[in-house]
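Remarks on the structure that follows.
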Amino acid sequence: MMVHLETERLVLRRFTPGDTDLLVELDSDPEVMRWLTGGRATPREEVEGTVLPVYFSSYRRFPAFGHWAALERTSGEFLGWFEFRPPEPDRPREVELGYRLRRPAWGRGYATEGSRALIRRGFTELGVERVFAQTMTVNHRSRRVMEKSGLRYVRTFFADWPEAIEGSEHGEVEYVLERAEWQELQRAAR
Ligand SMILES: CC(C)(COP(=O)(O)OP(=O)(O)OC[C@H]1O[C@@H](n2cnc3c(N)ncnc32)[C@H](O)[C@@H]1OP(=O)(O)O)[C@@H](O)C(=O)NCCC(=O)NCCS
C-alpha cells in the first residue's frame, strides 16, 4: 500500500488525527476559501467531526488514494493538500483531482508539481483510466493548474449549491485527462 509520495520539492503523506490545527488554519484564510465558500472558514468542529473522518474512511476504502497533506520537502512545512480519489465507489478507475494550498505557497508551481505526480502514479501504478477536476468558472488559478497538469476543458455546468457565492452565476467547469491522452503527452514530451 502506498501512503507516501515524494516529488522534487514536496512530500505527500496521509492525514492523521493530529492534523486538525493545520486544516483549521488553512481554511481560516478568506482568500483560500474564496471560490469554495465565498471566504467562510471551516469551523474546528467540522474539521474534527466531518472533514478528517471522511478522509480516514476513504483511506480504508481506497488505500492508495485520498486526501494528501503536502509538506515542503526541505523544511517539512505544511503547504496544504491534494485530493486524488474516486468519488464514486462503483467507478474506482475515475479519479477526482483537487488541491488547496496556504497562501504563502501560491504561485511557486507547487499545485502543478503535486498534481502531475499524482496523475503519473495514477496512470502508471494504480490502474486509473480517467482523471477529472472541477472548479468555479471564475477560479482562473485553479483552471491554470488543471491545464498545466494536462487536463482539457470539457464542459461548463450549473450545480445547485445551498449557498450562492460570488461568481457562482458563471457556473463551474470540468476538465478531464484520459489515460491514452496522458500517454500521448508523455511521448510528445520526450
Ligand atoms: C489553486 C491553487 C491550489 C493554485 O496553487 P499554486 O501552487 O499557486 O499553482 P501553480 O503555481 O502550480 O500554478 C498557478 C498558475 O496560475 C496562474 N495564475 C495565478 N493567478 C492567476 C489569475 N488571477 N488568473 C489566471 N491565472 C493565474 C499562475 O501564473 C500559474 O500559471 P503559470 O505557471 O502558467 O504562470 C491555490 O491558489 C489555492 O489553494 N487556492 C485556493 C483553493 C482553491 O481555490 N482550490 C481549487 C478549488 S477547485
Side-chain angles (χ1 to χ4, degrees), residues 5-13 15 19 22-43 46-47 51 54-55 58 65-75 77-87 94-122 130-177 185 189:
L5 179 62
E6 287 195 24
T7 69
E8 197 186 330
R9 295 178 296 165
L10 305 174
V11 172
L12 305 189
R13 63 146 171 89
F15 277 100
D19 291 325
L22 297 177
L23 287 172
V24 171
E25 199 267 343
L26 173 67
D27 283 13
S28 71
D29 182 343
E31 280 301 312
V32 168
M33 300 306 282
R34 183 164 175 198
W35 306 126
L36 300 156
T37 61
R40 184 176 49 78
T42 310
E46 194 177 321
V47 170
V51 175
V54 167
Y55 293 178
S58 110
F65 298 93
H67 282 77
W68 301 83
L71 314 180
E72 195 174 51
R73 207 161 116 164
T74 49
S75 66
E77 189 190 345
F78 177 71
L79 300 172
W81 54 251
F82 290 86
E83 172 190 9
F84 194 70
R85 61 165 188 147
E94 295 186 17
V95 168
E96 182 164 18
L97 170 71
Y99 27 68
R100 188 178 305 176
L101 301 182
R102 297 176 62 232
R103 214 183 327 166
W106 293 10
R108 296 161 68 184
Y110 286 141
T112 305
E113 186 170 320
S115 297
R116 285 180 177 166
L118 287 164
I119 290 168
R120 169 176 298 279
R121 185 156 89 179
R130 184 174 194 269
V131 174
F132 75 96
Q134 296 179 344
T135 191
M136 284 181 69
T137 300
V138 293
N139 194 345
H140 298 291
R141 269 198 190 83
S142 179
R143 296 180 65 165
R144 186 76 193 113
V145 174
M146 292 171 193
E147 285 164 8
K148 288 194 296 179
S149 304
L151 281 71
R152 67 186 155 82
Y153 167 84
V154 285
R155 66 177 180 129
T156 298
F157 64 101
F158 292 83
D160 200 8
W161 297 110
E163 53 182 343
I165 65 174
E166 184 207 334
S168 57
E169 67 275 17
H170 300 289
E172 289 171 69
V173 287
E174 179 166 302
Y175 284 68
V176 167
L177 179 59
L185 288 173

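Side chains included, hydrogens not; waters and symmetry mates left out as well; all remaining heavy atoms used. Numbering of ligands and ligand atoms starts at 1, following listing order. This chain uses plain numbering: 1 for the first residue, then up along the sequence.
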Notebook entry, point to check: Given the protein's heavy atoms, is any one of them under 4.0 Å from atom 35 (O) of ligand 1?
Noted result: no
Notebook entry, point to check: Within the structure, does at least one protein heavy atom fall under 4.0 Å of atom 28 (C) of ligand 1?
Noted result: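 No, because not a single protein heavy atom sits under 4.0 Å from atom 28 (C) of ligand 1.
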For ligand 1, which part of [X] has a heavy atom less than 4.0 Å away: the side chain, the backbone, both, or neither?
X: Leu101; value: both
X: Arg143; value: neither
X: Tyr99; value: both

From [atom1] ([X]) to [atom2] ([Y]), nearest 0.5 Å:
X: Glu6; Y: Arg73; atom1: CD; atom2: CZ; value: 4.5 Å
X: Arg40; Y: Thr42; atom1: CZ; atom2: OG1; value: 6.5 Å
X: Ile119; Y: Ser149; atom1: CD1; atom2: OG; value: 5.0 Å
X: Leu118; Y: Leu5; atom1: CG; atom2: CG; value: 5.5 Å
X: Leu151; Y: Arg143; atom1: CG; atom2: CZ; value: 12.0 Å
X: Leu185; Y: Leu177; atom1: CG; atom2: CG; value: 6.5 Å

Considering only non-hydrogen protein atoms, determine which one is nearest to [atom] and report residue, atom name and distance to 0.1 Å.
atom: atom 8 (O) of ligand 1; value: Gly107 N, 2.6 Å
atom: atom 12 (O) of ligand 1; value: Thr112 OG1, 2.6 Å
atom: atom 11 (O) of ligand 1; value: Gly109 N, 2.7 Å
atom: atom 25 (C) of ligand 1; value: His140 CB, 3.4 Å
atom: atom 13 (O) of ligand 1; value: Lys148 NZ, 3.1 Å
atom: atom 42 (C) of ligand 1; value: Val32 O, 3.4 Å
atom: atom 38 (C) of ligand 1; value: Trp106 NE1, 3.3 Å
atom: atom 48 (S) of ligand 1; value: Thr135 OG1, 3.2 Å

Margin query: Which option wins on minimum heavy-atom distance to atom 1 (C) of ligand 1: Ser149, Ala105, Ser142?
Written below: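 Going through Ser149, Ala105, Ser142 one by one, Ser142 has the nearest heavy atom to atom 1 (C) of ligand 1.
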Note to self: Below 30° counts as parallel, above 60° as perpendicular, anything between as tilted: where do the rings of Tyr55 and His67 land?
What the structure shows: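 It falls in the parallel class, under 30°.
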For the 3.5 Å polar cut-off, considering only N or O atoms, please tell me whether [X] and ligand 1 meet it.
X: Arg141; result: yes
X: Asn139; result: yes
X: Val145; result: no
X: Arg144; result: yes
X: Trp35; result: no
X: Ala111; result: yes

Note to self: Quick check against the 3.5 Å criterion: does Thr137 have a side-chain atom that pairs as donor or acceptor with the backbone of Gly171?
What the structure shows: yes
Item checked: Expected output: side-chain Glu113 to main-chain Ala111 donor-acceptor under 3.5 Å ->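 Judged by distance alone, no pair lies under 3.5 Å.
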Run the numbers for me: atoms of ligand 1, each under 4.0 Å from some heavy atom of [X], listed by number.
X: Arg108; value: 11 (O)
X: Tyr110; value: 7 (O), 12 (O)
X: Gln134; value: 48 (S)

I want to check something: taking the side chain as every heavy atom from C-beta on, are [X] and [Y] in contact at a cut-off of under 4.5 Å?
X: Leu26; Y: Trp81; answer: yes
X: Trp68; Y: Glu83; answer: no
X: Glu174; Y: Met146; answer: no
X: Phe82; Y: Ser115; answer: yes

Next item on the list: Output every pair passing side chain to side chain donor-acceptor pair (under 3.5 Å) with a member in residues 99-109, not counting sequence neighbours, ordered by first then second residue.
Entry: Glu25-Arg102, Asp27-Arg100, Asp29-Arg103, Glu72-Arg108, Glu77-Arg102, Tyr99-Ser142, Arg108-Tyr110
